[in-house]
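What you see is a predicted model, and the numbers here were worked out from it, not measured in a lab.
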Amino acid sequence: MKRILTFIMVLACTFASAQTIDDVLRYSTENLQGTARFQAMGGAFGALGGDLSALNVNPAGSAVFNFSEIGFTGSNYHVNNDAFYGNGLRNTTSNSLDFNQVGGVFVFNSSTDSPWKKIALAFNYDMVQNFDNEFTASGNTAVGVDNYFLNFAQGEPLGPLRTQQGEFIEDAYLDIGANLGYSAQQAFLGFQSGIIESVEDDDQNTSYFSNAQYGSVNQRYLQNTSGYNSKFTLNFAGQYKEDLYLGASVNFHNVIYDRVSYLDEDGYDADSPIQYTSFDNLLHTEGYGFSFSLGAIAKVNQSIRIGGSYQSPTWYTLTDDTSQRINSNLAVSDIDFINFNIVNLYDEYRIKTPEKYTGSVALVFGQDGLISLDYTYQDMSKAELRPTSDPNFTAENDFIASTLGAVNSYRLGGEYRIEEVSLRAGYRFEESPYENSDFIGDLNGFSAGIGYNFGASRLDLAYSRTEQDINSYFFDGGIDSAALINRINTNISLGYTLKF
């Protein structure tokens with residue numbers, strides 16, 4: 001009978017989950033997106049307001065608007081990755097185009113003697129993180145992929161790693177993941193592919209050795225990611241008397257993330273039983289989140305403004321599903337039935353990202369221009385995977401608390417006006433979330449832009465560039481194979497706003 005492949009679903013038990021510190025960092029990071037004006041000035045709007053994307057920094061900013069307006073922005077994202085791995089250097093570039101911002105604000109001026117001069121209602125959609133990216137790494141290494149499977153296999157009984165009489169290999173793969181967990185499932189892949197072998201031919205055996213013999217191997221690794229983390233903001237703010245603006249926002253987050261990776265390995269010794277290996281992984285994550293923010297802006301005098309804001313933790317609810325495929329010259333004949341059509345579904349889990357505090361100051365030179373500085377503090381060691389009752393999450397949260405630290409971020413922006421033309425520039429610096437910045441380096445960025453005011457509307461163009469060194473690990477666990485990536489993100493954004 002011809003075997004028909006379908007999506008086979010299974011709920012993995014909690015101890016089988018593979019969520020890690022990488023997931024926490026992925027959804028805790030917000031890249032500089034937003035309106036073209038916001039990007040051109042480095043996002044330094046905490047004491048300024050008057051921009052739809054400024055609501056992400058300080059929700060009091062909508063009360064600064066003098067008129068109602070709507071706006072939208074489109075961006076071209078360009079990513080350049082230089083991957084250093086083993087003795088090799090590979091360059092990969094990728095491009096994507098998207099509408100990353102759309103929003104509006106409605107301003108209501110007071111017609112009474114109330115100290116509240118006006119109120120503002122605003123909404124805004126921002127793509128706070130674009131996950132579209134690709135890099136390739138290749139080189140020579142002394143740590144082959146057999147070490148990944150040996151790491152998970154040691155201590156696992158041999159019996160469940162064998163298929164039973166009449167059992168399809170894909171059914172065995174899913175059943176092991178559901179009932180015995182992720183480690184046993186990876187051991188099953190290593191054993192069925194012939195990469196590892198049991199020390200004894202006994203179902204109670206728990207020791208394994210590698211069939212791959214080498215001093216070093218050649219590896220080629222490709223990782224492609226796509227998706228986004230978006231934020232939809234509902235905002236309320238008001239101006240009290242002449243010098244104080246107060247505001248609050250609720251934020252609804254939406255996450256879609258896909259990551260596919262391909263690993264090919266060869267270059268074994270001539271007498272090695274294993275002569276080639278391929279191992280591919282697919283991860284799909286989707287979910288939603290909620291956060292809120294509070295803020296204030298005060299005019300000290302005609303030239304100086306100060307601002308402060310609190311961004312609550314973001315509470316995400318996420319689900320993962322994974323697929324894998326593997327092959328080698330020693331693999332069993334039906335190994336190809338384990339492929340990307342065979343899907344593991346994991347239990348729903350949650351991530352709480354830490355709160356943020358932002359302090360801002362701005363100098364406004366009448367109609368000629370302005371300079372603005374924002375400082376943000378976020379303690380990443382407080383991030384959590386939940387439920388904390390999950391023993392695997394407890395261990396990972398302890399690792400997060402001891403590995404991550406405080407992130408200090410600085411954003412500086414300026415604008416100079418020449419009649420209807422506005423010239424803008426910005427600088428951004430963000431510390432590594434790790435105590436040891438060898439894992440992820442500090443982020444440096446600069447930006448520039450120009451805008452033209454037509455009176456009832458405005459057209460803005462921005463260029464922004466960030467650079468950061470990142471150790472990108474090939475697997476979420478098992479072995480620490482990683483490529484050092486020098487990543488340069490370049491955005492070109494065009495925005496249009498209309499007053500009414």
Side-chain angles (χ1 to χ4, degrees), residues 6-30 127-131 152 170-171 173-186 188 225-233 250-261 281-292 311-324 338 340-355 380-401 404 473 475-478:
T6 60
F7 283 88
I8 301 176
M9 298 179 290
V10 58
L11 289 179
C13 46
T14 55
F15 68 83
S17 58
Q19 290 77 37
T20 68
I21 189 173
D22 292 333
D23 300 276
V24 170
L25 290 174
R26 183 181 307 121
Y27 306 119
S28 298
T29 302
E30 294 188 358
M127 185 187 296
V128 297
Q129 185 70 282
N130 183 346
F131 295 127
F152 287 114
E170 63 270 30
D171 292 338
Y173 166 79
L174 291 172
D175 182 68
I176 289 172
N179 296 298
L180 299 181
Y182 185 79
S183 292
Q185 190 180 57
Q186 301 312 291
F188 175 83
T225 60
S226 60
Y228 57 86
N229 183 358
S230 67
K231 178 193 291 186
F232 181 75
T233 298
V250 291
N251 308 299
F252 303 93
H253 305 251
N254 187 46
V255 170
I256 294 179
Y257 176 75
D258 288 290
R259 183 186 69 207
V260 60
S261 63
N281 287 267
L282 174 65
L283 166 67
H284 173 77
T285 302
E286 59 182 70
Y288 58 90
F290 173 80
S291 65
F292 66 89
Q311 169 71 58
S312 78
T314 301
W315 296 274
Y316 287 105
T317 300
L318 303 165
T319 55
D320 287 353
D321 62 72
T322 64
S323 301
Q324 298 177 292
I338 300 176
F340 285 170
N341 290 322
I342 308 302
V343 182
N344 301 282
L345 293 184
Y346 289 90
D347 287 333
E348 185 178 85
Y349 65 100
R350 300 185 299 279
I351 291 177
K352 188 193 83 168
T353 69
E355 65 273 13
M380 286 302 303
S381 67
K382 294 182 179 180
E384 287 184 340
L385 286 159
R386 295 182 173 185
T388 55
S389 58
D390 185 322
N392 187 64
F393 286 171
T394 300
E396 194 67 15
N397 286 335
D398 289 342
F399 179 67
I400 289 170
L404 301 183
Y473 289 86
F475 306 105
D476 289 331

*Is the closest side-chain heavy-atom distance between Q186 and Q324 below 4.5 Å?*
yes
*Would a 4.5 Å heavy-atom cut-off, applied to side chains only, mark F399 and N397 as touching?*
no
*asked:* Looking at every heavy atom in both I400 and M380, which two are closest together, and how far apart are they?
replied: CG2-O, 3.9 Å
*Show your reasoning for whether side-chain contact (heavy atoms from CB on, under 4.5 Å) applies to Y288 and V255.*
CA-CA 6 Å; Y288 58 90; V255 170; over 6 Å; no
_A side-chain contact here means heavy atoms from C-beta on lying under 4.5 Å apart; do L180 and Q185 qualify?_
no
*asked:* Working to the nearest 0.5 angstrom, can you tell me the gap between S226 OG and D258 CG?
replied: 4.5 Å
*asked:* So which atom in T388 and which in E384 form the shortest heavy-atom distance, rounded to 0.1 Å?
replied: CG2-OE1, 4.2 Å
*Looking only at heavy atoms, which two atoms of V24 and A383 are closest? And how far apart?*
CG1-CB, 3.3 Å
*asked:* In the structure I gave you, are the side-chain heavy atoms of F340 and V260 within less than 4.5 Å of one another anywhere?
replied: yes
*asked:* Applying side-chain contact (heavy atoms from CB on, under 4.5 Å) to Y27 and I351, what does each step give before you reach the verdict?
replied: CA-CA 8 Å; Y27 306 119; I351 291 177; 3.9 Å; yes
_Let's go through L404 and I21 carefully: what are the C-alpha distance in whole Å and the side-chain angles of both, what is the deciding distance for side-chain contact (heavy atoms from CB on, under 4.5 Å) to 0.1 Å, and is it a yes or a no?_
CA-CA 9 Å; L404 301 183; I21 189 173; 3.7 Å; yes
_Crowding at NZ, K352 (>12 non-hydrogen neighbours, <6.0 Å)_ = yes
_Set of salt bridge (charged side-chain N to carboxylate O under 4.0 Å, His left out) partners for E348, sequence neighbours left out_ = none
_So L282 and T322, do their side chains get closer than 4.5 Å, heavy atoms only?_
no
*Is the NZ or CZ atom of R386 both under 6.0 Å from the centre of the six-membered ring of Y349 and within 45° of that ring's axis?*
no
*In terms of side-chain heavy atoms, does D321 have a donor or acceptor partner in H284 at a distance below 3.5 Å?*
no
*Output the distance between atom CG (L283) and atom CG (D476), rounded to the nearest 0.5 Å.*
7.0 Å
*Value rounded to 0.5 Å, distance of CD1 in I176 from OH in Y182*: 14.0 Å
*Compare all side-chain heavy atoms of W315 with those of R350 and state whether any distance is below 4.5 angstrom.*
no
_I need the N251 CG to S230 OG distance, nearest 0.5 Å._
11.0 Å
*Please round to the nearest 0.5 Å and tell me the distance separating atom CZ of F188 and atom CG of D175.*
9.5 Å
*State, without any angle test, whether N229 and Y257 hold a side-chain donor-acceptor pair at a distance under 3.5 Å.*
no
*Taking all non-hydrogen atoms of both residues into account, name the closest pair between E396 and L385 and its distance.*
CG-CD1, 3.7 Å
*Are F290 and Y316 near enough that their ring centres are under 6.0 Å apart?*
no
*asked:* As a quick check of understanding, evaluate side-chain contact (heavy atoms from CB on, under 4.5 Å) for T319 and T285, giving each step before the final call.
replied: CA-CA 6 Å; T319 55; T285 302; over 6 Å; no
*Side chains of Q311 and S291, donor plus acceptor under 3.5 Å*: yes
*Would you say F232 and N254 make side-chain contact, with heavy atoms under 4.5 Å?*
no
*Under 4.0 Å between a Lys/Arg side-chain N and an Asp/Glu carboxylate O for D320 and R259?*
no
*asked:* Could you measure the distance from the CG atom of D23 to the OG atom of S28? Nearest 0.5 Å is fine.
replied: 10.0 Å
_Looking at every non-hydrogen atom in both residues, tell me the closest pair between S323 and V343 and how far apart they are._
OG-CG2, 3.6 Å
